[in-house]
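What follows is a single structure, written as structure tokens, with notes after it.
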2 protein chains.
Amino acid sequence: MVRVKATPVPPAVRSVSGQDRVFAALANGTRREVLRLLREDGPQPVQQLAERFTMRRPSLSEHLKVLREAGLVSEERAGRQRIYRLEAAPLGEVQDWLGPYERFWRAKLADLGELLDRIPDEEAQ
Amino acid sequence: MVRVKATPVPPAVRSVSGQDRVFAALANGTRREVLRLLREDGPQPVQQLAERFTMRRPSLSEHLKVLREAGLVSEERAGRQRIYRLEAAPLGEVQDWLGPYERFWRAKLADLGELLDRIPDEEAQ
DNA sequence: TTGACGCGTAGGATATCGCCTACGTATCGT
DNA sequence: ACGATACGTAGGCGATATCCTACGCGTCAA
């Protein structure tokens, strides 16, 4: 069969490795929870992290691998332990990605605010 | 300026599953590209969106379904067309999720700046 | 009314995900 | 040296993701 497209423009032109990995890593609740634990309780060995989940430790190790390859965590060896630490730089890139969308939800909130303003009470911003 | 949200537009379930849906929807390059197109070129019918991708139209329809169920787009019927529009509110929640991490990458950037300041001859860009 | 158009869904093929158990490697304590 | 500990990897397995073709449904134009 013949497939001729005028302007294909594959969407994966931009670094598939970087942004895709980060978003894919964040698409899992367990991995987001790992990031939260590292943020709130600081760097920890795998064992300590694993206590917070019901899954087996090897499964958590796989999640840590995904986070590592996305640049979201780093590991430091300490004896037979491996201390994992939050690396938030890729999240900064996520925020940059969000930037161009910000005015859209701000507009929505403004609409809501306008509605509220019809009820005599508030100040605007 | 914190306003209590009293049942906004989406009456959908806002629990953990909602957040999961949003992150999962963003984990695909095609879907992020759809959001960009809707942001830059405004609301469009499916056909017009499909011209920008190499995949078949039914596949794009499935991506639009994922975005719809994540609350990231809305559809409006116009004759035999369906006009899709960006709904950025869930992205606002993503930004809220990023909030607690912000100080981490800010700290990293500060360290980098300090490091660059110690090298007098180099220029950063 | 009839056929073309715009779009979604059904169902299948393949790849990847997320979990498991079993096992290998390096380190620590005795 | 020896066993216990901390961790990663290998490989299997069911579920899900992502693409496809075929097709059904509503709308428009002639």
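First the proteins, then the strands, lettered A, B, ... as listed; each starts at 1.
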Which heavy atom of [X] sits nearest to which heavy atom of [Y], and what is that distance?
X: A:A88; Y: B:F104; answer: CB-CB, 3.5 Å
X: B:R85; Y: B:P43; answer: NH1-CG, 3.6 Å
X: A:L35; Y: B:W97; answer: CD1-CH2, 4.3 Å
X: B:A27; Y: A:A24; answer: CB-CA, 4.0 Å

Without decimals, in angstroms, what is the distance between [X] [atom1] and [N] [atom2]?
X: A:L26; N: C:dG18; atom1: CG; atom2: P; result: 12 Å
X: B:F53; N: D:dC19; atom1: CZ; atom2: P; result: 10 Å
X: B:R68; N: C:dG8; atom1: CZ; atom2: C1'; result: 8 Å
X: B:N28; N: D:dA17; atom1: CG; atom2: P; result: 11 Å
X: B:E75; N: D:dG26; atom1: CD; atom2: C1'; result: 13 Å
X: A:L67; N: C:dC17; atom1: CG; atom2: P; result: 13 Å
X: A:E76; N: D:dC7; atom1: CD; atom2: C1'; result: 15 Å
X: B:R77; N: C:dC7; atom1: CZ; atom2: P; result: 11 Å

Hey, does [X] reach any base, or is it just sugar-phosphate, or nothing, if we go heavy atoms under 4.0 Å?
X: B:R31; answer: sugar-phosphate
X: B:Q48; answer: nothing
X: B:Y84; answer: sugar-phosphate

B:V22 vs B:E93, test: side chain to side chain contact (heavy atoms under 4.5 Å, CB included). Steps then yes/no. CA-CA 9 Å; B:V22 174; B:E93 298 177 19; 5.7 Å; no
Path from A:I83 to A:L38 over hydrophobic side-chain contacts below 4.5 Å: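 No; A:L38 is not reachable from A:I83 via cluster members.
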Identify whether A:L37 and A:M55 are in the same connected component of the hydrophobic contact network (ILVMFWY, side-chain heavy atoms under 4.5 Å).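 Same hydrophobic cluster.
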Whichever of A:M55 and A:A78 has its nearest DNA chain C nucleotide further upstream toward 5':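 This one resolves to A:M55.
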Whether A:Y101 side chain and B:R36 backbone form a donor-acceptor pair below 3.5 Å: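 Yes, the answer is positive, given that a donor and an acceptor are paired below the 3.5 Å cut-off.
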Please check this pair: side chain of A:R32 against backbone of A:L26, looking for a donor-acceptor N/O pair closer than 3.5 Å.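 Yes; judged by distance alone, with no hydrogens or angles, the pair exists.
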Pull out every residue in residues 58-66 of chain B that has a heavy atom closer than 4.0 Å to any atom of DNA chain D, ordered by number, or say none.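 Close to the strand are B:P58, B:S59, B:E62, B:H63.
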Under the side-chain contact (heavy atoms from CB on, under 4.5 Å) rule, collect the residues that match up with B:Q47, sequence neighbours excluded.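 side-chain contact (heavy atoms from CB on, under 4.5 Å) check on B:Q47 returns nothing, list empty.
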List, with names and distances, any nitrogen or oxygen atoms from the protein found under 3.5 Å away from nitrogen or oxygen atoms belonging to nucleotides 1-6 of chain C.
from, atom 1, to, atom 2, distance (Å)
C:dC5, O4', B:R80, NH1, 3.4
C:dC5, O2, B:R80, NH1, 3.3
C:dG6, OP1, B:Q47, OE1, 3.4
C:dG6, OP2, B:Q47, NE2, 3.0

If the cut-off is 4.0 Å, is B:R56 near the phosphate of D:dC19, judged by side-chain N/O to OP1 or OP2?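 For D:dC19, neither OP1 nor OP2 has a side-chain N or O of B:R56 closer than 4.0 Å.
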Pair up each side-chain donor or acceptor in residues 70-82 of chain A with any protein partner under 3.5 Å, not counting sequence neighbours, and list the distances.
from, atom 1, to, atom 2, distance (Å)
A:S74, OG, A:E87, OE2, 2.9
A:E75, OE1, A:Y84, OH, 3.0

Salt bridge (Lys or Arg N to Asp or Glu O under 4.0 Å): pairs with one or both residues in residues 50-62 of chain A, sequence neighbours excluded: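 Residue pairs passing salt bridge (Lys or Arg N to Asp or Glu O under 4.0 Å), neighbours aside: A:D41-A:R52.
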Below 3.5 Å is the cut-off: list the nitrogen or oxygen pairs between protein and nucleotides 14-16 of chain C, distance only.
none

